[in-house]
K.L.:
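Sending over a structure as C-alpha coordinates; questions will come in a sec.
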Number of protein chains: 2
Amino acid sequence: MSLPHAILTALLERPSAGLDLTRRFDRSIGYFWSASHQQIYRELGKLEAEGFIRALPAAQPTRGQKKSYEVLPAGRAELERWTAAAQDPKPHRDTLLLRLRAAAVVGTEGLEADLRRHLDLHRRQLAEYEDIEKRDFPPGNDSAQARLQHLVLRAGIELETFWTQWLTEALEEFAGLPDS
Amino acid sequence: MSLPHAILTALLERPSAGLDLTRRFDRSIGYFWSASHQQIYRELGKLEAEGFIRALPAAQPTRGQKKSYEVLPAGRAELERWTAAAQDPKPHRDTLLLRLRAAAVVGTEGLEADLRRHLDLHRRQLAEYEDIEKRDFPPGNDSAQARLQHLVLRAGIELETFWTQWLTEALEEFAGLPDS
DNA sequence: GCCGGCATGTAAGGAGTTACATGATTCG
DNA sequence: CGAATCATGTAACTCCTTACATGCCGGC
(Lines give C-alpha, C1' and ligand atoms only; values in the text may rest on other atoms or scores of the structure.)
Protein backbone atom coordinates (compact mmCIF):
# COMPACT_ATOMS: atom_id res chain seq x y z
CA MET A 1 0.00 0.00 0.00
CA SER A 2 2.84 2.40 -0.58
CA LEU A 3 2.76 3.13 -4.28
CA PRO A 4 -0.29 5.44 -4.15
CA HIS A 5 1.42 7.42 -1.41
CA ALA A 6 4.65 7.63 -3.35
CA ILE A 7 2.65 9.05 -6.24
CA LEU A 8 0.83 11.53 -4.02
CA THR A 9 4.16 12.75 -2.69
CA ALA A 10 5.57 13.16 -6.18
CA LEU A 11 2.46 15.00 -7.36
CA LEU A 12 2.56 17.35 -4.38
CA GLU A 13 6.17 18.16 -5.18
CA ARG A 14 5.03 18.95 -8.71
CA PRO A 15 1.85 18.19 -10.73
CA SER A 16 2.75 15.85 -13.59
CA ALA A 17 1.49 13.44 -16.21
CA GLY A 18 2.08 9.68 -16.18
CA LEU A 19 5.32 9.59 -18.12
CA ASP A 20 6.77 12.53 -16.22
CA LEU A 21 6.10 10.59 -13.05
CA THR A 22 7.70 7.48 -14.52
CA ARG A 23 10.87 9.43 -15.28
CA ARG A 24 10.96 10.93 -11.83
CA PHE A 25 10.54 7.47 -10.34
CA ASP A 26 13.55 6.40 -12.39
CA ARG A 27 15.68 9.18 -10.95
CA SER A 28 14.70 10.17 -7.47
CA ILE A 29 11.76 8.63 -5.64
CA GLY A 30 12.51 5.39 -7.45
CA TYR A 31 15.80 5.09 -5.56
CA PHE A 32 13.78 3.71 -2.70
CA TRP A 33 10.42 2.97 -4.32
CA SER A 34 10.59 1.91 -7.94
CA ALA A 35 7.57 1.64 -10.22
CA SER A 36 6.94 0.91 -13.88
CA HIS A 37 4.76 3.12 -16.06
CA GLN A 38 2.05 0.42 -16.10
CA GLN A 39 1.80 0.51 -12.34
CA ILE A 40 1.74 4.28 -12.34
CA TYR A 41 -1.08 4.63 -14.88
CA ARG A 42 -3.20 2.06 -13.09
CA GLU A 43 -2.64 3.76 -9.77
CA LEU A 44 -3.37 7.23 -11.20
CA GLY A 45 -6.73 5.87 -12.38
CA LYS A 46 -7.51 4.51 -8.91
CA LEU A 47 -6.43 7.69 -7.14
CA GLU A 48 -8.62 9.76 -9.46
CA ALA A 49 -11.60 7.45 -8.88
CA GLU A 50 -11.13 7.79 -5.12
CA GLY A 51 -11.11 11.58 -5.32
CA PHE A 52 -7.51 11.98 -4.16
CA ILE A 53 -6.25 13.61 -7.36
CA ARG A 54 -7.76 15.20 -10.45
CA ALA A 55 -6.72 15.77 -14.03
CA LEU A 56 -5.72 19.34 -14.80
CA PRO A 57 -8.39 21.04 -16.94
CA ALA A 58 -6.12 21.41 -20.00
CA ALA A 59 -6.29 17.65 -20.58
CA GLN A 60 -8.41 16.08 -23.31
CA PRO A 61 -9.82 12.63 -22.67
CA THR A 62 -8.33 11.00 -25.81
CA ARG A 63 -5.80 8.24 -25.58
CA GLY A 64 -2.37 9.35 -26.73
CA GLN A 65 -2.72 12.78 -25.20
CA LYS A 66 -0.87 14.18 -22.25
CA LYS A 67 -2.88 14.25 -19.05
CA SER A 68 -1.50 15.95 -15.94
CA TYR A 69 -2.76 15.47 -12.41
CA GLU A 70 -2.77 17.49 -9.21
CA VAL A 71 -3.47 16.43 -5.63
CA LEU A 72 -6.82 17.34 -4.06
CA PRO A 73 -7.23 18.17 -0.35
CA ALA A 74 -8.53 14.65 0.34
CA GLY A 75 -5.35 13.24 -1.18
CA ARG A 76 -3.14 15.44 0.95
CA ALA A 77 -5.09 14.40 4.05
CA GLU A 78 -4.68 10.73 3.15
CA LEU A 79 -0.93 11.21 2.72
CA GLU A 80 -0.69 12.92 6.11
CA ARG A 81 -2.61 10.08 7.71
CA TRP A 82 -0.40 7.42 6.08
CA THR A 83 2.84 9.19 6.94
CA ALA A 84 1.98 9.36 10.62
CA ALA A 85 0.50 5.84 10.91
CA ALA A 86 2.58 3.16 12.63
CA GLN A 87 3.93 0.59 10.17
CA ASP A 88 6.00 -2.50 10.79
CA PRO A 89 9.18 -2.77 8.75
CA LYS A 90 8.83 -5.26 5.92
CA PRO A 91 11.31 -8.13 6.00
CA HIS A 92 14.19 -7.64 3.58
CA ARG A 93 14.77 -9.84 0.58
CA ASP A 94 18.27 -9.94 -0.77
CA THR A 95 19.15 -12.34 -3.55
CA LEU A 96 22.88 -11.83 -3.28
CA LEU A 97 23.02 -12.85 0.37
CA LEU A 98 20.88 -15.84 -0.48
CA ARG A 99 23.29 -16.85 -3.23
CA LEU A 100 26.22 -16.57 -0.86
CA ARG A 101 24.48 -18.83 1.58
CA ALA A 102 23.78 -21.29 -1.23
CA ALA A 103 27.43 -21.06 -2.24
CA ALA A 104 28.41 -22.13 1.26
CA VAL A 105 26.67 -25.42 0.44
CA VAL A 106 27.21 -26.01 -3.29
CA GLY A 107 30.45 -24.10 -3.86
CA THR A 108 31.41 -20.66 -5.08
CA GLU A 109 32.06 -21.59 -8.70
CA GLY A 110 31.14 -18.69 -11.00
CA LEU A 111 29.92 -16.38 -8.25
CA GLU A 112 32.95 -14.12 -8.02
CA ALA A 113 32.41 -12.48 -11.40
CA ASP A 114 28.92 -11.41 -10.45
CA LEU A 115 30.13 -10.05 -7.11
CA ARG A 116 32.56 -7.85 -9.02
CA ARG A 117 29.77 -6.67 -11.26
CA HIS A 118 27.59 -5.80 -8.27
CA LEU A 119 30.46 -3.97 -6.65
CA ASP A 120 30.82 -1.88 -9.77
CA LEU A 121 27.08 -1.12 -9.89
CA HIS A 122 27.05 -0.04 -6.24
CA ARG A 123 30.09 2.18 -6.79
CA ARG A 124 28.32 3.90 -9.66
CA GLN A 125 25.18 4.39 -7.61
CA LEU A 126 27.22 5.82 -4.76
CA ALA A 127 28.93 8.26 -7.11
CA GLU A 128 25.54 9.32 -8.45
CA TYR A 129 24.19 9.98 -4.95
CA GLU A 130 27.28 11.97 -4.07
CA ASP A 131 26.83 14.10 -7.18
CA ILE A 132 23.24 14.77 -6.18
CA GLU A 133 24.39 15.72 -2.71
CA LYS A 134 26.93 18.19 -4.06
CA ARG A 135 24.41 19.69 -6.46
CA ASP A 136 21.26 19.85 -4.31
CA PHE A 137 22.53 20.18 -0.76
CA PRO A 138 25.28 22.76 -0.54
CA PRO A 139 26.16 23.70 3.05
CA GLY A 140 23.99 26.38 4.59
CA ASN A 141 20.52 25.49 3.41
CA ASP A 142 18.85 24.31 6.57
CA SER A 143 15.16 24.62 5.84
CA ALA A 144 13.12 21.84 7.40
CA GLN A 145 12.29 20.43 4.00
CA ALA A 146 15.91 20.42 2.82
CA ARG A 147 17.09 18.79 6.04
CA LEU A 148 14.58 15.94 5.69
CA GLN A 149 15.40 15.40 2.03
CA HIS A 150 19.09 15.41 2.81
CA LEU A 151 18.53 12.85 5.53
CA VAL A 152 16.90 10.51 3.01
CA LEU A 153 19.74 10.99 0.56
CA ARG A 154 22.31 10.28 3.26
CA ALA A 155 20.57 6.96 3.92
CA GLY A 156 21.11 6.09 0.27
CA ILE A 157 24.75 7.16 0.41
CA GLU A 158 25.46 5.18 3.53
CA LEU A 159 23.72 2.08 2.25
CA GLU A 160 25.73 2.13 -0.97
CA THR A 161 28.88 2.74 1.04
CA PHE A 162 28.08 -0.30 3.12
CA TRP A 163 27.54 -2.49 0.06
CA THR A 164 30.77 -1.44 -1.63
CA GLN A 165 32.71 -2.15 1.56
CA TRP A 166 31.01 -5.45 2.17
CA LEU A 167 31.46 -6.65 -1.40
CA THR A 168 35.13 -5.67 -1.28
CA GLU A 169 35.50 -7.71 1.87
CA ALA A 170 33.62 -10.62 0.29
CA LEU A 171 35.92 -10.63 -2.70
CA GLU A 172 38.97 -10.67 -0.42
CA GLU A 173 37.41 -13.63 1.35
CA PHE A 174 36.97 -15.39 -1.99
CA ALA A 175 40.61 -14.80 -2.88
CA GLY A 176 41.66 -16.72 0.21
CA LEU A 177 39.24 -19.59 -0.28
CA PRO A 178 40.31 -23.05 -1.42
CA ASP A 179 39.30 -22.97 -5.07
CA SER A 180 35.83 -24.26 -5.73
CA MET B 1 12.52 -16.81 -8.77
CA SER B 2 14.45 -17.01 -5.53
CA LEU B 3 12.16 -18.83 -3.15
CA PRO B 4 12.68 -22.30 -4.67
CA HIS B 5 16.44 -21.79 -4.40
CA ALA B 6 16.17 -20.65 -0.81
CA ILE B 7 14.29 -23.86 -0.08
CA LEU B 8 16.82 -26.01 -1.93
CA THR B 9 19.60 -24.42 0.13
CA ALA B 10 17.74 -25.05 3.37
CA LEU B 11 17.00 -28.66 2.42
CA LEU B 12 20.62 -29.30 1.49
CA GLU B 13 21.68 -27.99 4.88
CA ARG B 14 19.23 -30.45 6.40
CA PRO B 15 16.28 -32.47 4.99
CA SER B 16 13.06 -31.21 6.59
CA ALA B 17 9.29 -31.09 6.42
CA GLY B 18 7.24 -28.01 5.61
CA LEU B 19 6.79 -26.64 9.10
CA ASP B 20 10.42 -27.26 10.00
CA LEU B 21 11.35 -25.19 7.00
CA THR B 22 8.92 -22.48 8.00
CA ARG B 23 10.54 -22.24 11.43
CA ARG B 24 14.01 -22.12 9.95
CA PHE B 25 12.88 -19.37 7.61
CA ASP B 26 11.69 -17.46 10.66
CA ARG B 27 15.09 -17.71 12.32
CA SER B 28 17.90 -17.84 9.85
CA ILE B 29 17.40 -17.87 6.10
CA GLY B 30 14.36 -15.68 6.62
CA TYR B 31 16.60 -12.85 7.84
CA PHE B 32 17.20 -12.09 4.18
CA TRP B 33 14.50 -14.14 2.45
CA SER B 34 11.27 -14.49 4.38
CA ALA B 35 8.48 -16.86 3.44
CA SER B 36 5.16 -17.96 4.91
CA HIS B 37 4.20 -21.59 5.34
CA GLN B 38 1.67 -21.28 2.51
CA GLN B 39 4.37 -20.22 0.10
CA ILE B 40 6.64 -23.00 1.28
CA TYR B 41 4.10 -25.78 0.83
CA ARG B 42 3.17 -24.55 -2.62
CA GLU B 43 6.81 -24.37 -3.61
CA LEU B 44 7.63 -27.80 -2.17
CA GLY B 45 4.88 -29.24 -4.38
CA LYS B 46 6.34 -27.56 -7.46
CA LEU B 47 9.90 -28.63 -6.66
CA GLU B 48 8.77 -32.21 -6.20
CA ALA B 49 6.83 -32.15 -9.49
CA GLU B 50 9.94 -30.85 -11.26
CA GLY B 51 12.08 -33.64 -9.87
CA PHE B 52 14.33 -31.38 -7.80
CA ILE B 53 13.39 -32.88 -4.44
CA ARG B 54 11.60 -36.01 -3.20
CA ALA B 55 9.67 -36.98 -0.10
CA LEU B 56 11.57 -39.24 2.25
CA PRO B 57 10.21 -42.80 2.11
CA ALA B 58 8.91 -42.73 5.70
CA ALA B 59 6.17 -40.30 4.69
CA GLN B 60 2.55 -41.35 4.23
CA PRO B 61 0.49 -39.47 1.66
CA THR B 62 -2.33 -38.46 4.04
CA ARG B 63 -3.04 -34.88 4.87
CA GLY B 64 -2.13 -34.01 8.44
CA GLN B 65 0.96 -36.20 8.44
CA LYS B 66 4.53 -35.09 8.51
CA LYS B 67 6.31 -35.27 5.18
CA SER B 68 10.03 -34.62 4.92
CA TYR B 69 11.93 -33.84 1.73
CA GLU B 70 15.48 -34.22 0.50
CA VAL B 71 17.23 -32.67 -2.49
CA LEU B 72 17.85 -34.81 -5.58
CA PRO B 73 20.94 -34.41 -7.80
CA ALA B 74 18.90 -32.42 -10.33
CA GLY B 75 17.95 -30.00 -7.55
CA ARG B 76 21.54 -29.54 -6.49
CA ALA B 77 22.56 -28.91 -10.09
CA GLU B 78 19.82 -26.31 -10.46
CA LEU B 79 20.99 -24.56 -7.31
CA GLU B 80 24.57 -24.50 -8.58
CA ARG B 81 23.41 -23.07 -11.88
CA TRP B 82 21.34 -20.37 -10.18
CA THR B 83 24.07 -19.41 -7.71
CA ALA B 84 26.58 -18.82 -10.49
CA ALA B 85 24.21 -17.06 -12.91
CA ALA B 86 24.52 -13.28 -13.29
CA GLN B 87 21.59 -11.44 -11.71
CA ASP B 88 20.83 -7.76 -11.58
CA PRO B 89 20.19 -6.34 -8.13
CA LYS B 90 16.50 -5.71 -7.55
CA PRO B 91 15.60 -2.12 -6.73
CA HIS B 92 15.06 -1.58 -3.01
CA ARG B 93 11.74 -0.61 -1.55
CA ASP B 94 11.79 1.14 1.77
CA THR B 95 8.58 2.48 3.24
CA LEU B 96 10.28 4.45 5.98
CA LEU B 97 12.38 6.50 3.59
CA LEU B 98 9.29 7.09 1.51
CA ARG B 99 7.44 8.35 4.57
CA LEU B 100 10.27 10.70 5.38
CA ARG B 101 10.15 12.11 1.92
CA ALA B 102 6.39 12.54 2.25
CA ALA B 103 6.96 14.24 5.60
CA ALA B 104 9.19 16.78 3.87
CA VAL B 105 6.05 17.84 1.98
CA VAL B 106 3.14 17.35 4.40
CA GLY B 107 4.91 17.73 7.74
CA THR B 108 6.38 15.40 10.33
CA GLU B 109 3.38 15.27 12.64
CA GLY B 110 3.13 11.84 14.31
CA LEU B 111 6.15 10.34 12.57
CA GLU B 112 8.64 10.61 15.39
CA ALA B 113 6.98 7.95 17.57
CA ASP B 114 7.20 5.39 14.80
CA LEU B 115 10.86 6.25 14.15
CA ARG B 116 11.56 5.49 17.81
CA ARG B 117 9.74 2.21 17.50
CA HIS B 118 11.75 1.25 14.42
CA LEU B 119 14.96 2.20 16.17
CA ASP B 120 14.04 -0.15 18.98
CA LEU B 121 13.24 -2.98 16.57
CA HIS B 122 16.54 -2.56 14.74
CA ARG B 123 18.45 -2.53 18.03
CA ARG B 124 16.85 -5.81 19.01
CA GLN B 125 17.63 -7.37 15.66
CA LEU B 126 21.22 -6.21 15.94
CA ALA B 127 21.52 -7.74 19.41
CA GLU B 128 20.11 -11.01 18.08
CA TYR B 129 22.63 -11.12 15.24
CA GLU B 130 25.47 -10.39 17.65
CA ASP B 131 24.33 -13.25 19.86
CA ILE B 132 24.33 -15.58 16.88
CA GLU B 133 27.81 -14.40 15.95
CA LYS B 134 29.12 -15.12 19.45
CA ARG B 135 27.44 -18.51 19.52
CA ASP B 136 28.13 -19.82 16.01
CA PHE B 137 31.33 -18.10 14.93
CA PRO B 138 33.93 -18.24 17.67
CA PRO B 139 37.40 -17.18 16.47
CA GLY B 140 39.46 -19.91 14.87
CA ASN B 141 36.97 -21.78 12.73
CA ASP B 142 38.03 -20.86 9.24
CA SER B 143 36.50 -23.57 7.08
CA ALA B 144 35.31 -22.25 3.74
CA GLN B 145 31.70 -22.86 4.68
CA ALA B 146 32.00 -21.06 8.03
CA ARG B 147 33.72 -18.08 6.44
CA LEU B 148 30.96 -17.67 3.87
CA GLN B 149 28.22 -18.00 6.46
CA HIS B 150 29.97 -15.52 8.70
CA LEU B 151 30.25 -13.09 5.82
CA VAL B 152 26.46 -13.22 5.34
CA LEU B 153 25.87 -12.69 9.04
CA ARG B 154 28.22 -9.71 9.08
CA ALA B 155 26.17 -8.13 6.31
CA GLY B 156 23.14 -8.41 8.58
CA ILE B 157 25.04 -6.94 11.51
CA GLU B 158 26.37 -4.03 9.52
CA LEU B 159 22.99 -3.26 7.96
CA GLU B 160 21.30 -3.17 11.36
CA THR B 161 24.13 -1.04 12.68
CA PHE B 162 23.57 1.38 9.84
CA TRP B 163 19.84 1.62 10.54
CA THR B 164 20.27 2.23 14.25
CA GLN B 165 22.78 4.98 13.54
CA TRP B 166 20.71 6.56 10.81
CA LEU B 167 17.52 6.50 12.88
CA THR B 168 19.35 8.05 15.82
CA GLU B 169 20.55 10.80 13.53
CA ALA B 170 17.06 11.25 12.13
CA LEU B 171 15.59 11.64 15.60
CA GLU B 172 18.21 14.26 16.44
CA GLU B 173 17.23 16.07 13.27
CA PHE B 174 13.59 15.96 14.34
CA ALA B 175 14.44 17.44 17.72
CA GLY B 176 15.90 20.49 15.98
CA LEU B 177 13.04 20.94 13.57
CA PRO B 178 10.45 23.72 13.85
CA ASP B 179 7.48 21.83 15.30
CA SER B 180 5.10 20.54 12.67
C1' DG C 1 2.31 11.30 -45.68
C1' DC C 2 4.82 8.29 -43.00
C1' DC C 3 7.98 7.02 -39.42
C1' DG C 4 10.11 7.21 -35.09
C1' DG C 5 9.38 8.54 -30.63
C1' DC C 6 6.09 10.14 -27.09
C1' DA C 7 2.20 9.06 -24.22
C1' DT C 8 -1.36 6.26 -22.41
C1' DG C 9 -3.09 2.27 -21.76
C1' DT C 10 -4.61 -3.58 -21.67
C1' DA C 11 -3.78 -8.47 -20.79
C1' DA C 12 -1.73 -12.35 -18.74
C1' DG C 13 0.82 -14.35 -15.40
C1' DG C 14 3.97 -14.68 -11.22
C1' DA C 15 4.89 -13.92 -6.48
C1' DG C 16 3.36 -12.85 -1.95
C1' DT C 17 -0.29 -12.08 1.69
C1' DT C 18 -4.40 -13.02 4.33
C1' DA C 19 -7.98 -15.86 5.72
C1' DC C 20 -9.68 -20.16 6.12
C1' DA C 21 -10.06 -25.55 6.03
C1' DT C 22 -8.85 -30.22 7.32
C1' DG C 23 -6.51 -34.22 9.20
C1' DA C 24 -3.35 -36.09 12.88
C1' DT C 25 -1.42 -36.20 17.60
C1' DT C 26 -1.06 -35.38 22.33
C1' DC C 27 -2.49 -34.45 26.83
C1' DG C 28 -5.75 -33.91 30.52
C1' DC D 1 -13.30 -38.38 24.58
C1' DG D 2 -12.65 -33.48 24.00
C1' DA D 3 -9.59 -29.56 23.36
C1' DA D 4 -5.39 -27.70 22.07
C1' DT D 5 -1.76 -28.02 19.05
C1' DC D 6 0.83 -29.70 15.15
C1' DA D 7 1.01 -30.17 10.27
C1' DT D 8 -0.48 -29.71 5.67
C1' DG D 9 -2.90 -27.66 2.65
C1' DT D 10 -6.86 -24.26 -0.47
C1' DA D 11 -8.87 -19.98 -1.99
C1' DA D 12 -9.06 -15.31 -2.94
C1' DC D 13 -6.86 -11.23 -3.45
C1' DT D 14 -3.22 -7.61 -4.20
C1' DC D 15 0.87 -6.12 -6.12
C1' DC D 16 4.32 -6.31 -9.55
C1' DT D 17 6.39 -7.75 -14.05
C1' DT D 18 6.46 -8.67 -18.92
C1' DA D 19 4.65 -8.24 -23.22
C1' DC D 20 1.83 -6.09 -26.17
C1' DA D 21 -1.64 -2.46 -28.19
C1' DT D 22 -3.18 2.05 -29.58
C1' DG D 23 -3.34 6.89 -30.49
C1' DC D 24 -0.88 11.43 -31.07
C1' DC D 25 2.79 14.48 -32.79
C1' DG D 26 6.92 16.45 -34.98
C1' DG D 27 10.46 16.12 -38.51
C1' DC D 28 11.99 14.59 -42.97
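Every chain is numbered from 1, with letters handed out A, B, ... down the list of sequences.
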K.L.:
Inspect the contact between K46(A) and E50(A) and indicate whether a charged nitrogen and a carboxylate oxygen are less than 4.0 angstrom apart.
P.N.:
no

K.L.:
More 5' along DNA chain D: Q38(B) or R23(B), using each one's nearest nucleotide?
P.N.:
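Upstream on the strand: R23(B).
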
K.L.:
Separation of L21(B) atom CG from dG9(D) atom P, in whole Å?
P.N.:
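One finds 12 Å between P of dG9(D) and CG of L21(B), rounded.
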
K.L.:
I'd like to know if D20(B) and R23(B) make a salt bridge, using a cut-off of under 4.0 Å between side-chain N and carboxylate O.
P.N.:
yes

K.L.:
I need the CD1-C1' distance between I40(B) and dT10(D), as an integer number of Å.
P.N.:
16 Å

K.L.:
What's touching nucleotides 14-16 of chain C from the protein side, N or O pairs under 3.5 Å?
P.N.:
| residue | atom | partner | partner atom | Å |
| --- | --- | --- | --- | --- |
| dG16(C) | OP2 | Q39(B) | NE2 | 3.2 |
| dG16(C) | O5' | Q39(B) | NE2 | 3.3 |

K.L.:
Rounded to whole Å, please give me the gap between CG in D20(B) and P in dT5(D).
P.N.:
19 Å

K.L.:
When you check the gap from the basic side-chain N to the acidic O, do E13(A) and R24(A) get nearer than 4.0 Å?
P.N.:
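Counted as a salt bridge, because a side-chain N and a carboxylate O are separated by less than 4.0 Å.
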
K.L.:
Between P on dG9(C) and CG on L19(A), what's the gap in Å once rounded to a whole number?
P.N.:
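For the pair L19(A) CG and dG9(C) P, the rounded distance is 10 Å.
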
K.L.:
Figure out the OH/C1' separation between Y69(A) and dG9(C), and round it to whole Å.
P.N.:
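These atoms are roughly 11 Å apart.
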
K.L.:
Under 3.5 Å, is there a donor-acceptor pair between the H5(B) and E78(B) side chains?
P.N.:
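Yes.
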
K.L.:
The criterion is side chain to side chain contact (heavy atoms under 4.5 Å, CB included); which residues satisfy it with I53(A), sequence neighbours excluded?
P.N.:
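L8(A), L11(A), L44(A), L47(A), E48(A), Y69(A), V71(A).
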
K.L.:
Is A35(A) touching bases, backbone alone, or none of the nucleic acid, heavy atoms closer than 4.0 Å?
P.N.:
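No contact at all - A35(A) keeps every heavy atom at 4.0 Å or more from the nucleic acid.
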
K.L.:
With a 4.0 Å limit, can you tell me whether Y41(A) has a side-chain N or O closer than that to the phosphate oxygens OP1/OP2 of dT8(C)?
P.N.:
yes

K.L.:
Between P on dC16(D) and NE2 on H37(A), what's the gap in Å once rounded to a whole number?
P.N.:
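It is 15 Å, rounded to the nearest whole Å.
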
K.L.:
For residues 149-156 of chain B, please give each side-chain donor-acceptor pair under 3.5 Å, one per line with the distance, not counting sequence neighbours.
P.N.:
| residue | atom | partner | partner atom | Å |
| --- | --- | --- | --- | --- |
| H150(B) | NE2 | E133(B) | OE2 | 2.8 |
| R154(B) | NE | E169(A) | OE2 | 3.0 |
| R154(B) | NH2 | E169(A) | OE2 | 2.9 |

